[in-house]
Amino acid sequence: MIRELLEARSGLLVQGITGRQGQLETRWMLDSGVDVAAGVTPGKGGSAVLGVPVFDTVAEAVAATDSRVAMSYAPPHAAADAVAEAAQAGIELIVVSSENIPQHRWLRALAVAREHHCHVIGPNSQGVVVPGVGRIGCPGGNEPWQRFAPGSVGIVSRSGGMASELAMLMRNWGWGTSVQMSIGGTPAVGTTLTEGVELAASDPNTRAVVVFGEPSGGQEIDLAVAVADGRIDVPVIAMVAGRAADSLPTTLPFGHAPRSADGATVQEKCAALADAGVLVARSTHHVRAHLADVLPAAALR
């Protein structure tokens, strides 16, 4: 799905393009060759940012540019409404950077997105990269997105920084990346870890998927169930950070969200993943070793 939308090259729409973060990352995307077709900021229609025309509404921008993909930098108080507006205007995929969005408004926006068949990644997402094709957002910051070499390994991470770090390692190790996805680390994400792995596995270039998990929440347990049920048909390698957090009080915030008293520990997550057939890695060195075991030499680039 992601590769097909980016290959269609209908142009990227940026919500909140006139804000500080929107302007900064739009510049980075333009510098790396991304086709940013339009921006949207209510009340700023008719202006331009870095040569990109700005519209008052997503509907106006879509009518003018036929964009199907959006990156949202709308501030937390407006982010949920921005997602709902994009979905209602026909956007098929939206990546959301903001975090600290009011939860009840966010859940309503996700319901609107599902109703209009709009796929949401985020909030708190750095973005998505399909190396050699394009990117949404700015994984890797202002470094050229070409640093991500095309290849055969999908990357799905709850941490944006680790998504880019793993992609750089894939390039250095010789495998390259089919699709890299930062799903966000907040509790109510638009795309769960399992859904992200399913998306990455469905990419025609993917031969294995590397997952980076975190201490909070139970998404890694859900992924283990999906793998055990046979819903994912490529090898999955998982690295779950925060083993030391298991000894900390459950009320202590760790990472993007506090752990709950009844949540799974990192050790329990790793055990469930291993029992399901996932190759569990304690470090990036183990990630490399597992990849060498599951990918034939022909898959190396």
Side-chain angles (χ1 to χ4, degrees), residues 1-15 29 34-37 58 62 65-72 82-97 109-139 145 148 150-158 160 163 166-167 170 176-184 188-212 219 222-223 226-227 229-236:
M1 169 200 178
I2 295 173
R3 179 179 296 273
E4 288 78 4
L5 284 172
L6 290 178
E7 285 179 340
R9 303 197 183 280
S10 62
L12 179 68
L13 183 154
V14 177
Q15 290 181 296
M29 286 188 283
V34 176
D35 176 20
V36 181
V58 178
V62 169
T65 65
D66 197 32
S67 295
R68 298 161 60 195
V69 179
M71 180 72 205
S72 178
V83 167
E85 180 192 2
Q88 291 166 335
I91 292 294
E92 297 178 36
L93 172 65
I94 181 169
V95 179
V96 182
S97 172
L110 289 181
V112 172
R114 285 192 293 270
E115 180 184 349
H116 289 82
H117 307 290
C118 174
H119 199 103
V120 180
I121 297 177
N124 181 231
S125 172
Q126 277 196 359
V128 175
V129 177
V130 178
V133 177
R135 72 175 179 176
I136 309 166
C138 279
W145 73 272
F148 307 114
S152 55
V153 180
I155 296 170
V156 183
S157 175
R158 295 179 62 191
L166 287 166
M170 294 307 146
T177 306
S178 54
V179 57
Q180 172 205 324
M181 197 180 315
S182 162
I183 67 167
V189 288
T191 298
T192 66
L193 200 62
T194 299
E195 292 166 340
V197 172
E198 289 173 333
L199 274 175
S202 70
D203 186 285
N205 291 358
T206 298
R207 299 294 177 267
V209 178
V210 171
V211 171
F212 185 85
Q219 294 189 62
D222 296 337
L223 175 61
V227 173
D229 289 346
R231 288 162 50 189
I232 297 160
D233 60 0
V234 299
V236 178

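The two atoms that bring Ala201 and Thr206 nearest to each other are CA-CG2, 4.1 Å, heavy atoms only. Met29 and Cys138 make their closest contact through CG-SG, 3.6 Å (heavy atoms, listed as atom of the first residue, atom of the second, distance). Taking each heavy atom of Leu199 and Met181 in turn, the nearest pair found is CB-CE, 4.0 Å. Here the shortest heavy-atom pairing between Val83 and Val96 reads CG2-CG2, 3.6 Å. Considering every non-hydrogen atom in both Thr191 and Gly196, the closest pair reads CG2-N, 3.6 Å. For the pair Ala87 and Cys118, the tightest heavy-atom approach, listed with the atom from each and the gap, is CB-CB, 3.7 Å.
Remark: Glu198 CD to Thr192 OG1 distance equals 7.0 Å, nearest 0.5 Å. Remark: Gln126 CD to Ile183 CD1 distance equals 13.0 Å, nearest 0.5 Å. A distance of 11.5 Å separates CG of Leu223 from CD of Glu195, quoted to the nearest 0.5 Å. To the nearest 0.5 angstrom, Leu13 atom CG is 9.5 Å from Ser72 atom OG.
Taking the side chain as every heavy atom from C-beta outward, Ile232 and Val209 never approach each other to under 4.5 Å. Taking 4.5 Å as the limit, some side-chain heavy atom of Val62 sits within range of a side-chain heavy atom of Ile91. Counting heavy atoms from C-beta outward, Ile136 and Leu93 have side chains that approach closer than 4.5 Å. Side-chain contact check for Glu92 versus Val69: every heavy-atom pair is 4.5 Å or farther apart. Considering only heavy atoms from C-beta on, Met170 stays 4.5 Å or farther from Gln180 through its side chain. Using a 4.5 Å heavy-atom cutoff, the side chains of Val234 and Arg207 are not in contact. Considering only heavy atoms from C-beta on, Val179 stays 4.5 Å or farther from Arg3 through its side chain.
For the side-chain contact (heavy atoms from CB on, under 4.5 Å) test with Ser178, the passing option among Asp203, Val130, Ile2, Val153 is Asp203; the others fail. Among Thr177, Val211, Val129, the single residue meeting the side-chain contact (heavy atoms from CB on, under 4.5 Å) criterion with Ile155 is Thr177.
Judged purely by atom type and a 3.5 angstrom limit, Glu85 uses its side chain to pair as donor or acceptor with the backbone of Val58. Not a single donor-acceptor pair under 3.5 Å links the side chain of Ser125 to the backbone N or O of Gly184.
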